[in-house]
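These numbers were taken from a predicted model, which means no experiment stands behind them. Residue numbers start from 1 in every chain, and the chains themselves are labelled A, B, ... in the order their sequence lines are given, proteins ahead of strands.
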2 protein chains.
Amino acid sequence: MEAKPSSLTVIPRSLDHQAADVIRQQILSGSFPPGHRLIETQLAEALDLSRGTVRSALQQLTYENLVVQLPYRGWLVPPLRSQDAWELYTLRSGLEGLAARLAAMAISSEKATLLERSFQQLVDAAQRGDRNAVNEFDFGIHKTIIQLTEHRRLQQQYKIIEQQIRLYITACNTLLEFDLTEIANQHQSMVRAICCGNASLAQQIAQDHSTADGETLVNYLQELEAKNSK
Amino acid sequence: MEAKPSSLTVIPRSLDHQAADVIRQQILSGSFPPGHRLIETQLAEALDLSRGTVRSALQQLTYENLVVQLPYRGWLVPPLRSQDAWELYTLRSGLEGLAARLAAMAISSEKATLLERSFQQLVDAAQRGDRNAVNEFDFGIHKTIIQLTEHRRLQQQYKIIEQQIRLYITACNTLLEFDLTEIANQHQSMVRAICCGNASLAQQIAQDHSTADGETLVNYLQELEAKNSK
DNA sequence: CAATTGCAGATTGTCAACAATCAACAAATT
DNA sequence: AATTTGTTGATTGTTGACAATCTGCAATTG
């Protein structure tokens, strides 16, 4: 990431962190779907680690809301609830608004170029009509904005939220279908506001932007819950 | 808190959580000030627990940014940096803005009463000229707003930020000196906006509100850093 | 004498064994 | 038959021992 290419650095990563990485990947990819039970001994066996180390990994993931612990009963990938989807999207909206505001306040020509490059990728993908790429570059542009703020806590927080949103999207198998040029336009006004340094406008646009797909997901989950309760 | 008084419930809390509670308290109260080193064996001895359990507690506190881990070298209460203070206050501003918005969107007469009661406590304290109480009820009113949202993740996040802000304030020994009636007035307009259900106004006021004391803290720390670098 | 190497002490990283708790079912009781 | 009370197997909670790594200093080397 930030290591100079010449100085060959070995990033020492403790086993529990590595274990957390592996398990996280399994959850996000859908191999451990929501509702799946995780058993310490089984994971320890599979990863060829001791139970304590696996346990430590699971505790890390607890703080990312990717697993929940039921005392003396086990670990669980939390099931999908509409309440959680609502929380995720509202929180994301708030964080992105903040990020856009801060980014606009500290804009520079280098940062503007970085952001515009990120935006251009989105536009290109939209013109190609490549929905998957649009989706990915959509995430990318927001991530760029977050990074422009140089706000460690915000980056960390956002990462955790984004992870969970991805989990919800893959688990619902919902590739949201919107007008591609519309998406590009919305982003354009946001990018412009940030690059001009118009903080409050940037915040407004960013926060309003990320609500639509949130609501469709919440509605989808609410219907599912209504069906299951009957 | 929320247990019925009749049904005698024992809240089972695992030892590592209890240990985390104790250590957290020590840090927040200033017994373990920023820069203080924490040694697993010493803590284990003092708490009469095994090292593994203490270790688990420290990992929890890592996710609250109350301790940092230097691999193979130890645990540390992170020193005060102006960058962190900036992050804390900007993030808090964003979260409070979101909370005010959501609270306004879901206001009810019960919730309004709750909020106004919380506000009244602040007013009373301001009239008494009791700075300590004003400060505490100031925190209280914001906490009330957060709770009105019924947003678990927001509550959790906010709690962690508030903790750290308290740490910074006590460590700097900075009891911020502002005009008490001014504080009360600012809050009044916010409370009113929320109770009217005026979401965007409430957000605006809330987010602008919590910036002033943040900046004084950042400035104080920057001066300190400038002095130390010489 | 500067730079490197090797060693000792302190501290964390990992593990495997034992204890505590839980859920489900069988047995006993009324 | 319904309720209570053991019992058992599975799983997590906790611990103490051993391994790996870091820091600082002394010994060695050129």
Side-chain angles (χ1 to χ4, degrees), chain A residues 3 7-24 26-27 31-79, chain B residues 3 7-24 26-27 31-79:
Chain A
S7 70
L8 62 159
T9 51
V10 175
I11 19 107
R13 198 153 171 75
S14 59
L15 292 180
D16 54 352
H17 278 72
Q18 291 186 47
D21 291 341
V22 172
I23 299 170
R24 185 187 300 110
Q26 296 286 308
I27 294 173
S31 303
F32 295 157
H36 187 257
R37 262 193 90 189
L38 301 168
I39 286 131
E40 293 181 0
T41 42
Q42 286 180 7
L43 288 171
E45 179 96 11
L47 297 169
D48 196 29
L49 292 170
S50 84
R51 248 191 65 223
T53 309
V54 169
R55 192 179 172 73
S56 172
L58 289 172
Q59 279 170 344
Q60 290 175 48
L61 296 175
T62 296
Y63 282 90
E64 302 176 22
N65 283 307
L66 293 181
V67 300
V68 292
Q69 179 175 32
L70 310 173
Y72 283 105
R73 283 191 284 154
W75 304 86
L76 197 68
V77 182
Chain B
S7 70
L8 61 161
T9 50
V10 174
I11 20 105
R13 199 155 172 73
S14 59
L15 293 180
D16 55 349
H17 277 72
Q18 290 185 48
D21 292 341
V22 172
I23 299 171
R24 184 187 300 110
Q26 296 287 306
I27 294 173
S31 303
F32 295 158
H36 187 258
R37 263 193 88 190
L38 300 168
I39 286 129
E40 293 181 0
T41 41
Q42 285 180 9
L43 288 171
E45 179 96 10
L47 297 168
D48 196 28
L49 292 170
S50 84
R51 247 191 66 223
T53 310
V54 169
R55 190 178 172 73
S56 172
L58 290 171
Q59 280 170 344
Q60 291 175 47
L61 296 175
T62 297
Y63 283 91
E64 303 176 21
N65 283 306
L66 292 181
V67 300
V68 292
Q69 179 174 33
L70 310 173
Y72 283 107
R73 284 192 283 153
W75 303 85
L76 199 68
V77 182

Would you mind reading off the distance between [X] atom [atom1] and [N] atom [atom2], rounded to a whole angstrom?
X      : N       : atom1 : atom2 : value
D16(A) : dA20(D) : CG    : P     : 17 Å
R51(A) : dT11(D) : CZ    : P     : 11 Å
W75(A) : dT11(D) : CH2   : C1'   : 12 Å

Original post:
Please, which pairs that meet salt bridge (Lys or Arg N to Asp or Glu O under 4.0 Å) have at least one residue in residues 62-78 of chain A, sequence neighbours excluded?
Top reply: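 Counting only pairs at least two positions apart or across chains, the salt bridge (Lys or Arg N to Asp or Glu O under 4.0 Å) contacts touching residues 62-78 of chain A are R24(A)-E64(A).
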Original post:
Near DNA chain D, under 4.0 Å by heavy atom, which residues of residues 54-63 of chain B?
Top reply: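 Those residues: none at all.
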Could you go through residues 38-47 of chain B and list every donor-acceptor pair under 3.5 Å that involves a side-chain atom there, pairing it with any protein atom two or more places apart or in another chain?
{"residue": "E40(B)", "atom": "OE1", "partner": "R51(B)", "partner atom": "NE", "Å": "2.8"}
{"residue": "E40(B)", "atom": "OE1", "partner": "R51(B)", "partner atom": "NH2", "Å": "2.9"}
{"residue": "E40(B)", "atom": "OE2", "partner": "R55(B)", "partner atom": "NH1", "Å": "2.7"}
{"residue": "E40(B)", "atom": "OE2", "partner": "W75(B)", "partner atom": "NE1", "Å": "2.9"}

Original post:
If you check every side-chain atom of T53(A), which of dT15(D), dT14(C), dG13(D) has the closest atom?
Top reply: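 Closest nucleotide to the T53(A) side chain: dT14(C).
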**OP:** Measure from the side-chain N and O atoms of T62(A) to the backbone N and O of L58(A), and report whether any donor-acceptor pair falls under 3.5 Å.
**Re:**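 A pair under 3.5 Å: yes.
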Subject >> Residues in contact with DNA chain C, drawn from residues 34-49 of chain B - heavy-atom cutoff 4.0 Å >> reply: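 Of all residues in residues 34-49 of chain B, the ones placing a heavy atom under 4.0 Å from DNA chain C are R37(B), L38(B), I39(B), E40(B).
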Subject >> Reported CG-to-CG distance for the pair L76(A) and L70(A), which is rounded to 0.5 angstrom >> reply: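 Output value for this atom pair is 6.0 Å.
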Original post:
Rounded to the nearest 0.5 Å, how far does CG of D21(A) lie from CG of L61(A)?
Top reply: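 Rounded to the nearest 0.5 Å, the CG-CG separation comes out at 8.5 Å.
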**OP:** Name all pairs fulfilling the ring pair (Phe, Tyr, Trp, His ring centres under 6.0 Å) condition that reach into residues 35-72 of chain A, sequence neighbours left out, sorted by first residue then second.
**Re:**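 Listed once each, the pairs are F32(A)-H36(A), Y63(A)-Y63(B).
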So which protein N/O to nucleotides 23-25 of chain D N/O distances come out below 3.5 Å?
{"residue": "dT23(D)", "atom": "OP1", "partner": "R73(B)", "partner atom": "NE", "Å": "3.1"}
{"residue": "dT23(D)", "atom": "OP1", "partner": "R73(B)", "partner atom": "NH1", "Å": "3.1"}

Subject >> Which atom of L66(B) lies closest to which atom of P78(B), heavy atoms considered >> reply: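 That closest heavy-atom pairing would be O-CD, 3.2 Å.
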Subject >> Closest heavy-atom pair and its distance - A20(B), A57(B) >> reply: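 Shortest heavy-atom contact: N-CB, 3.6 Å.
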Subject >> D16(B) side chain reached by Q59(A) side chain, heavy atoms, under 4.5 Å >> reply: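 Yes. Closest side-chain heavy atoms under 4.5 Å.
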**OP:** Select base, sugar-phosphate, or nothing to describe what L15(A) touches, counting heavy atoms under 4.0 Å on all strands.
**Re:**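 Sugar-phosphate: the residue L15(A), judged by heavy atoms under 4.0 Å, touches backbone atoms but no base.
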**OP:** Report which part of the nucleic acid G52(A) touches: base, sugar-phosphate, or nothing (heavy-atom distance under 4.0 Å, all strands).
**Re:**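 Result for G52(A) = nothing.
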Subject >> Given DNA chain C, 5'-ward residue of the pair S50(A) and Y72(A), judged by closest heavy atom >> reply: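 Upstream on the strand: S50(A).
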**OP:** Could you list the residues that satisfy side chain to side chain donor-acceptor pair (under 3.5 Å) with S50(A), not counting sequence neighbours?
**Re:**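 Expected list: T53(A).
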